[in-house]
Amino acid sequence: MSTPDLLYGEAEEDLRKNVRRLLQERCDPSAVLARCESDEPYDLALWATLAGELGVAGLVVPEELGGAGASARELAVLAEELGRGVAPVPFLGSAVLATTALLECPSSEAREAVAALAGGSRIGTVAVPMTTAPGSVFPTSVSARGGALTGTVRTVVDLEVADLVVVPATDEDGPALYLLDLSSSGVRRTPVTPLDLTRRIGTLGLDGASGRRIASSDSAEEVLQHTLTTAAGILASEQTGLAQLCLDSTVEYVLTRYQFGRQIGSFQAVKHRLADLWAGVSTARATARGAADALATSGGDVDIPVALAQAYCCDTVVLAAEEHLQLHGGIGMTWEHPAHLYLGRAKSTQLALGTAERHRATIAARGGLPAA
Amino acid sequence: MITADELRDRVREFLSHHDPGELDRLEFLRARFDAGLAWVHYPPGFGGLDAARALQPVVDEEFAAADAPDNDPRSNGIGLGMAAPTILQHGSDEQRHRFLRPLWTGEEVWCQLFSEPGAGSDLAALSTRAVRDGDDWVVDGQKVWTSLAHTARWALLVARTDPGVPKHRGLTYFVCDMTAPGVEVRPLRQITGEAEFNEVFFSGVRIPDSQRLGEVGQGWQVAMSTLMNERVAIGGGNTAREDGMIGVVADTWRQRPELRTPGMHDRLLRLWVEAEATRLTGERLRQQLAAGAPGPEGSAVKLAFARLNQSISGFETELLADEGLEYDDWTMRRPEVTDMTARGPGYRYLRAKGNSIEGGTSEVLRNVIAERVLGLPAEPRVDKDVAWKELPR
């Protein structure tokens, strides 16, 4: 077991600076709030800028396919910043899930599709319920016969803005992955009213829709596992970024709010909660960096670092969003304040890609700590 | 500044004239000190060569490779970690010459006389009195939680020399001879049955003014520089996954399937996650230090470490069921080091209670994090401009 590099490199800090600057200009909390009840809950213009000007939609895509050729470490920094901004962009579905899956499939259709995602001209996702944890059994909700896909998948992330979807299905040869254009006939998308107003989910209904097989049998299972593990690891960084934002803005608030003739941040009842939260966020960051480094390093153990990061970060981000709300008092309960956006995002990421309990079960299995 | 290669050459040159196999251990260590190869970042004449502090391992490795005796740093941690830098910073040349060499060689062990029964978290409220009498000071009072007082020759002592001014301003810092008449050391038995620490009583102890460190009334500033040098609880090297107490319970879990229940499994996994996450936080801190950008995460690690040790040891006694009712040994003893994993689960459970009290309580640590890391305001102070003798106690 080698020691992971838990710091940020210079290129990673540059990436952070550029993304944060753009989000400060284009994605402040009031803009995100205004958008979430509009007809365009996703900010696709922002996504186009992120993809086009900063090239971050294809951060981990090799340069010959139009990407930046970076590693999971940089992708994790991008996730931190997008989490910090609760940015309503299809990052998780397109730049993480679909991109990771397509990059692992050797077919020419997959390569063409991933190049389109990297350039930002198309958006993708993977047709699994958002709560699917790494290590889950291969889904059987969609079946394929002669390339025609039939079945239903709930809570598919970023579905409503996606152009293409990677569908895990069972066909004549067993598990398989199909690439499907969402404009095909036989596709029905039903949006779900989401708890998280900044990231949408939908139900994908397939009734004989025609897809192209891009992976089959063992290889399909491996690709899906790798995709879920990568997404879970990257999500830990998104959670760290959002947790840090909740901590920072709470500290800012308790310095400006006066009650009993004092800044409320001078009361130990408040200070101690924030000190504990700071310790939690610092720890979350170490685990998230550990997961990102493991994902970026070939050959080492990935399952435990990712499970650890998720088991830690998914509860820490919820705690951070809950403390943020509590310490803001009444204003935090109002619709106009972004506290509920952070809470909704935090809570949805807690469920996404497996709750802490699922990740602890992975640690039990991989770490030799069997159940009773 | 001297380079690593030059230092290596110096050590080899030294070893060619001082054969560790032939020389007496103390003679060898004294010669090493005089050659400036003790703590290389100290000034010449005081055991060093004004070298970069980071080059110390180069020297230590060369001596270790030659099988040379070391100064057994574990037996004089307070001397090396706290007394020496304080004497270097605040002592006169005469004091430095008198104290530093026998301190480094381990001939003279040091202890620290700060905490008192009435001054724990609020150290500046201490009440041990030092009254000027000719060329001496006469000390009366009581200190507590003193490690090594029973083996120490010298002590770092902070005493009140002016009760009529606010508490931080009326303190003075001394070096106290632990063999002086009127110094009484009593073991302080703890809830574990053993005595790692002592109580120290002073009645009419005379300290010559030449053993004062810093100016009269500057004791708080000198004490703060001592505490700054208190070694961060995080050790030097990497720690491996499942090091420490979590490894003990994980091994018990693996070897004793009959103890497993679903509820305990869930708790074990939660503790495992917390322990591994805390280990990575410490590792990240080490990497920041190595990169020259130390972060404040040490406070997070200390908070988590205290909570974890208490939770894991509590869990362990429950897991062991009937065996959890046993205690390995209540005999009053004086351990040289505190090793959590060398004793039984009952000992771990009791000893870990001290982790959130010693070296700064978790409550004070949270204040420190809130004020120094997060920039939150201090609580209003009622004792700031009040003479010490007027404070309620």
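Quick note on labels: first sequence line is chain A, next is B, and so on, each numbered from 1. All figures in this text were calculated on a predicted structure; none of them were measured in a lab.
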**OP:** Please step through side-chain contact (heavy atoms from CB on, under 4.5 Å) for the pair B/L280 and A/L308, ending with a clear verdict.
**Re:** CA-CA 10 Å; B/L280 287 180; A/L308 175 82; 3.6 Å; yes
**OP:** Give the intermediate values and the outcome of side-chain contact (heavy atoms from CB on, under 4.5 Å) for residues A/I363 and B/E276.
**Re:** CA-CA 11 Å; A/I363 288 167; B/E276 176 66 358; over 6 Å; no
**OP:** Test side-chain contact (heavy atoms from CB on, under 4.5 Å) on A/T3 and B/Q287 and set out the steps.
**Re:** CA-CA 10 Å; A/T3 305; B/Q287 293 180 9; 3.7 Å; yes
**OP:** Mind running side-chain contact (heavy atoms from CB on, under 4.5 Å) on B/T281 and A/R285 for me, showing each step along the way?
**Re:** CA-CA 8 Å; B/T281 311; A/R285 187 177 301 283; over 6 Å; no
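Interface remark: of the candidates A/S282, A/A371, A/A311, A/A371 forms the most heavy-atom pairs closer than 4.5 Å to chain B. Contacts with chain A were tallied for B/R270, B/E258, B/E274, B/E363; B/R270 has the most, counting heavy-atom pairs under 4.5 Å. Chosen from A/L255, A/L274, A/V254, A/D276, the residue pairing most often with chain B at heavy-atom distances under 4.5 Å is A/D276. The candidate from B/S362, B/P262, B/G263, B/P296 with the greatest count of non-hydrogen atom pairs under 4.5 Å with chain A is B/P296. Note on B/R366, B/E371, B/R254: by heavy-atom pairs under 4.5 Å with chain A, the leading option is B/R366.
For B/M224, the CE atom counts as densely surrounded, since its 6.0 Å shell holds more than 12 non-hydrogen atoms of other residues, nucleotides or ligands. The number of heavy atoms from other shown groups lying within 6.0 Å of CD (B/Q255) is above 12. Within 6.0 Å of OH on A/Y8 lie more than 12 heavy atoms contributed by other residues, nucleotides or ligands. For A/E13, the CD atom sits in a packed shell: over 12 heavy atoms of surrounding residues, nucleotides or ligands are nearer than 6.0 Å.
Under the 4.5 Å side-chain criterion, counting only non-hydrogen atoms from C-beta, B/Q288 is not in contact with A/L6.
Contact annotation for A/Q268: both backbone and side-chain heavy atoms come within less than 4.5 Å of a heavy atom of chain B. Neither the backbone nor the side chain of B/V368 comes within contact range of chain A, judged by heavy atoms closer than 4.5 Å. Heavy atoms closer than 4.5 Å to chain A are found in both the backbone and the side chain of B/A277. Of the atoms belonging to A/R262, it is side-chain heavy atoms, and not backbone ones, that fall under 4.5 Å from chain B. Residue contact with chain A, scored on non-hydrogen atoms closer than 4.5 Å, involves the side chain of B/L268 exclusively.
A donor-acceptor pair under 3.5 Å is absent between the side-chain atoms of A/H272 and the main chain of B/A370, judged by distance alone. For B/R284 (side chain) and A/A286 (main-chain N/O), no donor-acceptor pair under 3.5 Å exists by modelled atom type.
With respect to the salt-bridge test (charged N to carboxylate O, under 4.0 angstrom), the residues A/K271 and B/E379 do not qualify.
Scanning both residues, B/S299 and A/W278, for their nearest heavy atoms gives CB-CZ3, 4.3 Å. Residues B/L303 and A/A279 approach most closely at CD1-CB, 4.4 Å, considering heavy atoms. A/P370 and B/W253 make their closest contact through O-NE1, 2.7 Å (heavy atoms, listed as atom of the first residue, atom of the second, distance). When all heavy atoms of A/G265 and B/P377 are compared, the closest pair comes out as O-CD, 3.5 Å.
Rounding to the nearest 0.5 Å places CG of B/L374 at 9.0 Å from CG of A/D248. Note: A/R360 CZ to B/D266 CG = 5.0 Å, rounded to the nearest 0.5 Å. Atom CZ of B/R286 and atom CG of A/L7 lie 12.0 Å apart (nearest 0.5 Å).
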